[in-house]
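First comes the structure, then the notes that go with it.
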Amino acid sequence: MNPEAEDSLYERLKAYEGRTTSAASVGRDPVNAPMIRHWCEAMGDTNPAYEGSDAIAPPTMLQAWTMGGLSGHPTDGTGRSGAYEELSALLDGAGCTSIVATDCEQEYLRPLRPGDTITFDAVIESVSPRKTTRLGTGHFITTRMDIRADGELAGTHRFRVLKYAPAAKTTKVTEDAKGTEDTKTTKDPKPRRPRPVVNRDNAGFWAGVAEHRLLIQRCADCATLRFPWLPGCNACGSLAWDTVEAGGDGTVYSYVVMHHPPFPAFTVSDHAADAAGPYAVALVELAEGVRMISNVVGVPYDKVRIGMPVRLEFLRVDEELELPVFRAGSEG
Ligand code: ZN
């Protein structure tokens with residue numbers, strides 16, 4: 001797209017900022033104990049605050065109270081404006097036909113309790129300038145939903161998507177071989193492993209990996225170790241933590257062997273014969289007690305066994321990615 005067309009598209013997209021997408025919509029059900037119970041069972045959350053006669057709803061259920069379910073909201077057609085659909089169609093027309101949800105932020109202002117009637121309004125809060133990501137080029141759209149309980153603002157839910165035109169697959173073709181399919185195939189670079197998603201909750205883990213240290217989070221209040229990295233302690237709820245460095249010893253707690261379909265980016269075995277074959281994915285229990293999913297190297301995939309002692313090492317996958325893996329001891 002030329003710069004002028006781009007500017008004009010962005011101006012038209014910006015005009016949707018502040019547009020209401022849903023006004024005075026009503027939650028399908030009031031806040032209620034059965035939905036809270038099902039949620040807690042699905043999440044494995046046994047916090048006593050969510051049970052009993054003075055129960056509150058888990059704060060992260062905020063959006064659940066606004067969902068219409070498979071059949072949609074019975075109030076559809078009254079509260080909804082169609083602005084989001086128009087914005088979406090505008091982006092489709094500009095070639096941004098793909099969509100991916102990128103993140104969500106919630107803010108809680110008061111607890112929700114069984115019996116609360118939920119109403120909500122949603123607005124297109126912002127449309128970003130044109131951005132290029134690994135997926136492609138497009139615009140981030142942030143929608144903000146204000147959720148009220150019995151008319152009082154109880155929380156906000158921001159939801160962001162990227163509407164984008166997928167990046168063209170690059171095929172390297174040498175000058176003299178243009179047009180010959182065989183050469184095209186052999187010149188394709190090996191597919192690269194997906195990049196880890198590094199965010200503020202796990203950045204410390206990847207900083208450790210860069211220094212060849214496997215860091216385990218430790219609750220600063222009750223000393224419970226946790227892995228993978230999380231913002232809070234599952235045992236006591238504390239948000240305070242520090243880290244301990246894993247000594248590097250572990251055992252295979254469980255494993256699976258991936259046979260099919262073959263995925264070239266995951267040929268992890270260092271045995272040449274396995275280059276295009278199956279590979280083992282292991283759940284390794286570290287000596288410190290936490291478990292992590294990784295690969296076992298140094299043995300063929302079919303020699304990985306539960307209970308096998310393994311030792312941490314760092315595998316350089318490509319020029320920008322290193323991963324902790326586990327090497328099996330010498331086999332008899
Ligand atoms: Zn704790």
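Model, not experiment: these values are computed from the prediction. Counting from 1, the numbers follow the sequence of the chain as shown.
Here Glu107 does not pair with Arg144 in a salt bridge; the nearest charged N to carboxylate O distance is not below 4.0 Å. In summary, Lys163 and Asp92 engage in a salt bridge, as defined by a charged side-chain N under 4.0 Å from a carboxylate O. Asp54 has no carboxylate O lying under 4.0 Å from a charged side-chain N of Arg113, or vice versa, which leaves the two without a salt bridge. Looking at Glu17 and Lys14, a side-chain N of the basic residue comes within less than 4.0 Å of a carboxylate O on the acidic one, giving a salt bridge.
Cluster partners of Leu162 are Val100, Leu135, Phe140, Tyr164, counting Ile, Leu, Val, Met, Phe, Trp and Tyr whose side-chain heavy atoms approach within less than 4.5 Å, directly or via other members.
Between Thr143 and Val123 there is no side-chain heavy-atom pair separated by less than 4.5 Å. Under the 4.5 Å side-chain criterion, counting only non-hydrogen atoms from C-beta, Cys236 is not in contact with Thr224. You'll find the side chain of Thr137 reaches within 4.5 Å of the side chain of Arg130, heavy atoms only. Residues Thr243 and Trp229 form a side-chain contact, since some pair of their non-hydrogen atoms from C-beta on lies under 4.5 Å apart. Side-chain contact between Glu105 and Thr156 is absent, with no heavy-atom pair separated by less than 4.5 Å.
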Starting from the C-alpha separation in whole Å, work towards a yes-or-no answer on side chain to side chain contact (heavy atoms under 4.5 Å, CB included) for Leu214 and Phe205. CA-CA 7 Å; Leu214 183 64; Phe205 171 75; 3.3 Å; yes
Please lay out, stage by stage, how Asp103 and Arg158 fare under the test salt bridge (charged side-chain N to carboxylate O under 4.0 Å, His left out). CA-CA 8 Å; Asp103 62 296; Arg158 278 188 178 78; over 6 Å; no
Run Val325 and Glu313 through side chain to side chain contact (heavy atoms under 4.5 Å, CB included) and show every step you take. CA-CA 6 Å; Val325 295; Glu313 65 179 44; 3.8 Å; yes
Are Leu13 and Leu87 close enough, and set up right, to give a side chain to side chain contact (heavy atoms under 4.5 Å, CB included), and what steps lead you there? CA-CA 7 Å; Leu13 298 174; Leu87 174 61; 3.5 Å; yes
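The two residues Asp150 and Gly115 have their closest heavy-atom pair at OD1-O, 4.5 Å.
Applying the salt bridge (charged side-chain N to carboxylate O under 4.0 Å, His left out) test to every pair with at least one member in residues 227-246, sequence neighbours left out, gives these pairs: Arg213-Glu245, Arg218-Asp242.
Applying the side chain to side chain donor-acceptor pair (under 3.5 Å) criterion to Asp318, with sequence neighbours excluded, gives Arg195. Annotation: ring-ring contact (aromatic ring centres under 6.0 Å, His included) contacts of Tyr108 (sequence neighbours excluded): none. In terms of the ring-ring contact (aromatic ring centres under 6.0 Å, His included) criterion, His38 has no residue partners (sequence neighbours excluded). By the ring-ring contact (aromatic ring centres under 6.0 Å, His included) test, Tyr10 is found to be paired with His139, residues two or more places apart in sequence or in another chain being considered.
When atom types are taken as modelled, the side chain of Gln217 and the backbone of Leu230 share a donor-acceptor pair closer than 3.5 angstrom.
Note that CZ of Phe326 is 12.0 Å distant from CG of Leu315, once rounded to the nearest 0.5 Å.
The environment of Asn234 atom CG is sparse: at most 12 non-hydrogen atoms of other residues, nucleotides or ligands sit within 6.0 angstrom.
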